[in-house]
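All chains are named by letter (A, B, ...) in the order of the sequence lines, taking the proteins before the strands, and each is independently numbered beginning at 1.
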Number of protein chains: 2
Amino acid sequence: MATIKEIAKKAGVGVGTVSRYLNDHPYVSEDKRKKIQAAIDELDYTPSAIATQLRSQSTKNIGVLVSRLANPFFAELFDAIERKLNLYGYQVLVSQTHDDSAAEQRFLDQLKNHQVDGVILASVENHELVRSFAQAYPQKVILLNEENKYRDIQSVTLNHYQATLDALNYLFTQGHRHFVYVTGGNYTVKSHGYSRTKAFQDFTKQHQLSIDPDWLFSQKHTATDGQEIARNLIKNSKNTLPDAIFTNSDEVAIGLIDELQKNNISVPKDIAVIGYDDQPFARFAAVPLTTIRQPISAMANKAVNILLKNLTGQDVPENITNEDLKLKGCSSNQVDGGSS
Amino acid sequence: MATIKEIAKKAGVGVGTVSRYLNDHPYVSEDKRKKIQAAIDELDYTPSAIATQLRSQSTKNIGVLVSRLANPFFAELFDAIERKLNLYGYQVLVSQTHDDSAAEQRFLDQLKNHQVDGVILASVENHELVRSFAQAYPQKVILLNEENKYRDIQSVTLNHYQATLDALNYLFTQGHRHFVYVTGGNYTVKSHGYSRTKAFQDFTKQHQLSIDPDWLFSQKHTATDGQEIARNLIKNSKNTLPDAIFTNSDEVAIGLIDELQKNNISVPKDIAVIGYDDQPFARFAAVPLTTIRQPISAMANKAVNILLKNLTGQDVPENITNEDLKLKGCSSNQVDGGSS
DNA sequence: TTAATACATGGAATCGATTCCATTAAACGA
DNA sequence: TCGTTTAATGGAATCGATTCCATGTATTAA
């Protein structure tokens, strides 16, 4: 393979001049430009990316970590990230954890040995480990759609509170007043999914809706759970049925709808049911489902924007406005990653 | 970040000794080992991968090109490739073409600028371009599950001839004698899918089965095509219906089965239908389908084995035997990539 | 005791591109 | 005409790890 030295020799100039030519520096005469280009063409020269990386101390590589790419949610996320990063001349290195924290460790080590300039984590196994890396490499670690356990790592997530509120208000404008609320966590305790529950509480308070304790369900996760909820509602509600059900997941929603329909209760005519797609398998499900969709590519773009801004110090032009993001319920949480 | 020089200084030894220690060379005294390790621990040193790559002229990175990772077939392929390559200390750089040959060009350029040691192409847009790279970088380009147009590039594909023969013989042992054959190409001309057609022809000749020209269908690709075939068979076959149908794709098979069942013909009781999964969406389809499955991870392993053997000169231990591969109908076609 | 190995080690040269520094030539202002 | 910018250029130093070479010491063989 040809090197810059050989080009310089063949063109009869110094290596410095060749380098300046390659990098569009000023002060290269038209005369030499031609000679250099001729030498490059003749020897089919391409600069070694490795050498450039070593000298410039930057790789233009970004690592992306997901648990499984076979999961369409992550595939879509990766796709959006790759598209955006390619626009800025960055290359993406994806790795899968398969829920193994050793793989996560290997992935993060790429920050240490300078294989990547930064990382986007769409999946985290060992929160302590990630945190230590985020502190050692501030500005280089971004969480995406992942619980920000210590709140001191830069992250981009769906604004669950706002998204839930939007969905509930939508149901309200449709005339619904009798709500059932289903959560995967705990209704009262600040556990996973609490911001959705908080939104529900604020919503009912704001509209002065009464909450029937029998219509609050906790620790529900599966389609079977959904079916049970439906049977429970039908059995216990002698006089009135609810007219809207908010669930924490699409699985639960599907089970619910299935069981309701078996009992000749029409969805959404008699009861509106809304799902929540943590994983967007819902798109492929048999039952068309109203669900709170995660704005995957908006989130990906946001994460990339933040990371590139950190790395280059320059604002990356957004191709989506902040207003769009807000409407879609996507917000970002920028915090300094700790002391440098 | 600490460098090897700083480690050498702190440990009171030469850089050569540190390097030898790091690379497990002999001739480093126990005394210095301890000192060096202490310095490494104290400064939290990790060797720069970039510097190592420059000096050793090898990156331990392999590029993988697919059209879309959101396609589960490619996601599975990538997964298998990554698992295998990680075992040998290689890192994977995936890129998606999205059917754009400019993206393919950018991907292949990574060979030129030494970002990757080799590439696996599971998708090709511009055959001429790929060929020129395969010739410029012999041993470094492997086709995977892609038509090997010029037959002079190393490639791994399903042995369609054998797989088809196996499937037909299976039907034969089940007692079927009246076959319908559906192809996406042309029955007589050597076009895409011809090796399957060849297998069918050899099969019928071997067992001296007569072929009804009305039971040969060409240029069929969609589920709608499948339905048409079913209607056609029912209408025209006054006296006898076939008892087995071999199709070139799962889409066609699904349409066929659907239409047959609508006409009260039971599958597989009355007629056996066999599909072919070029893309494994069949696994998620509503109708359980007998299909010729592509041995994805076996193909991926084979491709990686060949590539690593090319690169290192060493035989990579197979974790699947060749016998297994044959049974699964997977074969490889090793050809020299041209003159160096 | 001497010669021949084996064991250990430091450090210069190297991989290939970038950048700073020194130098020279041309253009410009007064 | 002379001093001062501006334009062009070559090449050494640099990024950080590896490897070869030279040198030195300890061990073994004869």
Let's see if you get this right: which residues in residues 35-59 of chain B place a heavy atom under 4.0 Å from DNA chain C?
Leu54(B), Arg55(B), Gln57(B)

Please determine if a side-chain N or O atom of [X] lies less than 4.0 Å away from the OP1 or OP2 oxygen of [N].
{"X": "Tyr27(A)", "N": "dA8(D)", "result": "no"}
{"X": "Thr3(A)", "N": "dG16(C)", "result": "no"}
{"X": "Ser19(B)", "N": "dT19(D)", "result": "no"}
{"X": "Asn23(A)", "N": "dA17(C)", "result": "no"}

Check the pair Gln115(B), Gln53(A) against side-chain hydrogen bond (donor to acceptor under 3.5 Å, both in side chains), reporting the backbone distance first and the verdict last.
CA-CA 10 Å; Gln115(B) 290 248 67; Gln53(A) 285 171 24; 3.0 Å; yes

Just by distance, with hydrogens left out, do [X] and [Y] show a side-chain donor and acceptor under 3.5 Å apart?
{"X": "Asn126(B)", "Y": "Glu104(B)", "value": "no"}
{"X": "Glu6(B)", "Y": "Tyr45(B)", "value": "no"}
{"X": "Thr59(B)", "Y": "Asp117(B)", "value": "yes"}

In whole angstrom, give the distance that lies between atom [atom1] of [X] and atom [atom2] of [N].
{"X": "Lys112(A)", "N": "dG16(D)", "atom1": "NZ", "atom2": "P", "answer": "17 Å"}
{"X": "Ile4(A)", "N": "dC15(C)", "atom1": "CD1", "atom2": "P", "answer": "14 Å"}
{"X": "Lys5(A)", "N": "dA13(C)", "atom1": "NZ", "atom2": "C1'", "answer": "11 Å"}
{"X": "Gln115(A)", "N": "dA17(D)", "atom1": "CD", "atom2": "P", "answer": "13 Å"}
{"X": "Tyr21(B)", "N": "dT9(C)", "atom1": "OH", "atom2": "P", "answer": "13 Å"}
{"X": "Ile7(B)", "N": "dT18(D)", "atom1": "CD1", "atom2": "P", "answer": "13 Å"}
{"X": "Arg20(B)", "N": "dA12(C)", "atom1": "CZ", "atom2": "C1'", "answer": "13 Å"}
{"X": "Lys60(A)", "N": "dA17(C)", "atom1": "NZ", "atom2": "C1'", "answer": "16 Å"}

Between atom NE2 of His127(A) and atom CG of Leu143(A), what is the distance when rounded to the nearest 0.5 Å?
8.5 Å

With distance as the sole test, does Asn301(B) use its side chain to make a donor-acceptor pair with the main-chain N or O of Ser297(B) at under 3.5 Å?
yes

Please work out if Val13(B) contacts a base, only the sugar-phosphate, or nothing of the nucleic acid, heavy-atom cut-off 4.0 Å.
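Sugar-phosphate contact only.
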
Pairing residues for Asp24(A) by the salt bridge (Lys or Arg N to Asp or Glu O under 4.0 Å) criterion, not counting sequence neighbours
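Asp24(A) satisfies salt bridge (Lys or Arg N to Asp or Glu O under 4.0 Å) with no other residue.
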
Salt bridge between Asp152(B) and Arg131(B), side-chain N to carboxylate O under 4.0 Å?
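Salt bridge flag = yes for Arg131(B) with Asp152(B).
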
Would Lys112(B) and Asp44(A) pass as an ion pair if we require N to O under 4.0 Å?
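A salt bridge is present here (some side-chain N lies under 4.0 Å from a carboxylate O).
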
Protein and nucleotides 25-27 of chain C: nitrogen or oxygen contacts under 3.5 angstrom:
none

Closest approach to the side chain of Thr17(B), judged atom by atom: which nucleotide of dT19(D), dG10(C), dA17(C) is it?
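In terms of side-chain proximity for Thr17(B), the closest of dT19(D), dG10(C), dA17(C) is dG10(C).
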
